[in-house]
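First listed ligand is number 1; within each ligand, the first listed atom is number 1. Heavy atoms only: backbone and side chains are in, while hydrogens, waters and symmetry mates are out.
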Amino acid sequence: MSSDINRSWRMTGFGLPRLELAEGRIPEPGPHDLLVRIKAISLNYKDRMIVDGVLIPDLGFPFVPTSDAVGEVVAVGGDVSRFRTGQRVLGHVIADWPDGDAPPVLHHHTLGSSLPGTLSDYLLLHEDAAVLAPPSLSDAEASTLPIAALTAWFAMAEATRPVPGQTILIQGTGGVSLFALQFAHAFGLRAIVTSSSDGKLEWAKTLGAWQVINYRARPAWDEAARELTGGAGVNHILEMVGGDNARRSLDALAADGRLSIIGLLGSMELSFPIVPFLRNRIVVQGISIGHRRAFERMNQAIEALAIKPVIDKIFGFDEVPRAFEHLEKGPFGKIVITTA
Ligand SMILES: NC(=O)c1ccc[n+]([C@@H]2O[C@H](COP(=O)([O-])OP(=O)(O)OC[C@H]3O[C@@H](n4cnc5c(N)ncnc54)[C@H](OP(=O)(O)O)[C@@H]3O)[C@@H](O)[C@H]2O)c1
């Protein structure tokens, strides 16, 4: 790659065939910007939804998709104080949420949706929208953290606090779910993992799953979860699917149970009966990735707990359409694209 060219994958319309490789100039950092030479990018389920026009139907073109990236700071604006050149950083996806309560209008400044995405050789990040990458992780591993890991972490360690010995049910074996499983194991939670594949459930056991349920073989997985918990139900469920699946989640929850609404793999809607909320004092929390302080705390924990992200497959920068296609196959863990 020539050092003065910035390659980017740009959407010129909706649909994977309209994701095109283009060359442009390397951007100039503003006073508070970091110019980051990107090393690795990781894909999330929502990136495919954006490319397909499902998530942001009024997107303007051309548009560079994806939100997760790690890279080296190669230049800084004159007023930057938080970072210096040579440091390895991760972009913080909700750029205007440093800590505490969310900004009044969430997602006005979100990488890869309201802000341009990361699928380029070079990226400008505001210094307030970056964190140091955990030193123990490779570039490919570190690139997987900004959305999938932080979402799982926020649901389990920020929106609530983990209580060792309690049960958590994690749906599927995608990016968010495998981070949730690794955190659960590290926190001393008893994790029940559901999957459509017995093979993936065996892998989940090697990552610390306490019990597993094949939701294809046992569609009434809520009953299986109750049986596994001696009839008590599960303390916390990470809802990844929506639709009727959420009704089963409600059925599987214990008294004072918590339902973290994270994914929409099956439906854009939820429909619930009311009585179980009253009978079991269920808490429902919508999760929207997380703030920067949580990202920093999580990275510290990843170092201390020696957690290694699970990568399904790594693609080269010229293989981006194949990487997006692979996302459709139900990966076990994360898909990464390297720029080298
Ligand atoms: N709220 C937030 O802030 C936030 C952040 C990140 C992601 N998300 C959402 O969370 C969901 C997961 O994202 P991801 O990036 O982890 O996706 P992913 O890596 O593409 O995960 C896909 C996996 O989900 C599982 N799955 C699909 N249908 C399922 C079902 N009916 N029941 C249980 N599992 C099912 C499958 O696991 P098996 O192959 O094992 O069956 C599949 O491999 C998406 O809807 C995404 O948009 C939300």
Side-chain angles (χ1 to χ4, degrees), residues 42-52 54-56 66-68 93-94 97 102 106-107 110-113 144-156 158-159 169-182 192-205 207 209 212-222 224-225 237-249 252 259-270 284-291 294-295 309-313 323-336:
S42 100
L43 295 186
N44 289 284
Y45 186 82
K46 63 97 188 151
D47 296 323
R48 185 68 206 247
M49 293 175 81
I50 289 175
V51 166
D52 288 343
V54 178
L55 204 57
I56 314 178
T66 77
S67 305
D68 289 0
V93 176
I94 306 183
W97 191 14
L106 196 53
H107 295 296
T110 298
L111 281 179
S113 56
T144 66
L145 301 180
I147 289 188
L150 184 54
T151 300
W153 172 269
F154 207 89
M156 297 167 68
E158 305 275 342
L169 187 137
I170 298 163
Q171 298 173 351
T173 55
V176 177
S177 296
L178 289 190
F179 277 113
L181 173 56
Q182 290 178 286
I192 302 172
V193 176
T194 69
S195 173
S196 55
S197 150
D198 286 339
K200 290 180 178 179
L201 289 173
E202 285 306 312
W203 289 337
K205 282 186 196 163
L207 290 172
V212 296
I213 303 169
N214 185 322
Y215 63 82
R216 283 264 162 77
R218 184 98 193 251
W221 59 263
D222 47 329
I237 296 184
L238 305 186
E239 176 62 51
M240 300 302 217
V241 182
D244 233 30
N245 189 74
R247 190 180 287 259
R248 291 199 184 280
S249 296
L259 185 59
S260 291
I261 306 288
I262 296 176
L264 32 86
L265 288 164
S267 172
M268 296 280 222
E269 310 240 327
L270 295 168
V284 180
Q285 165 104 51
I287 298 294
S288 208
I289 316 177
H291 52 59
F295 199 170
V310 179
I311 294 176
D312 181 276
K313 198 158 181 192
F324 271 92
E325 280 162 8
H326 194 73
L327 201 55
E328 289 297 290
K329 298 194 173 115
F332 187 83
K334 299 295 293 177
I335 297 170
V336 173

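- Side-chain atoms of Ser113 and Lys46 form no donor-acceptor pair, as typed in the model, at a separation below 3.5 Å.
- Between Ile213 and the choices Leu201, Asp222, Thr194, the side-chain contact (heavy atoms from CB on, under 4.5 Å) rule is met once, by Thr194.
- The side-chain heavy atoms of Gln171 and Ile237, taken from C-beta on, include a pair separated by under 4.5 Å.
- Side-chain atoms of His291 and Ile94, non-hydrogen and from C-beta on, never get closer than 4.5 Å to each other.
- Listed by chain and residue number, the protein contacts of ligand 1 are Tyr45, Ile147, Thr151, Gln171, Gly172, Thr173, Gly174, Gly175, Val176, Ser195, Ser196, Lys200, Tyr215, Val241, Ile262, Gly263, Leu264, Leu265, Ile287, Ser288, Ile289, Gly330, Pro331 (heavy atom within 4.0 angstrom).
- Atom CD of Glu328 is surrounded by more than 12 heavy atoms from other residues, nucleotides or ligands within 6.0 Å.
- Between Val212 and Lys205 there is a side-chain heavy-atom pair separated by less than 4.5 Å.
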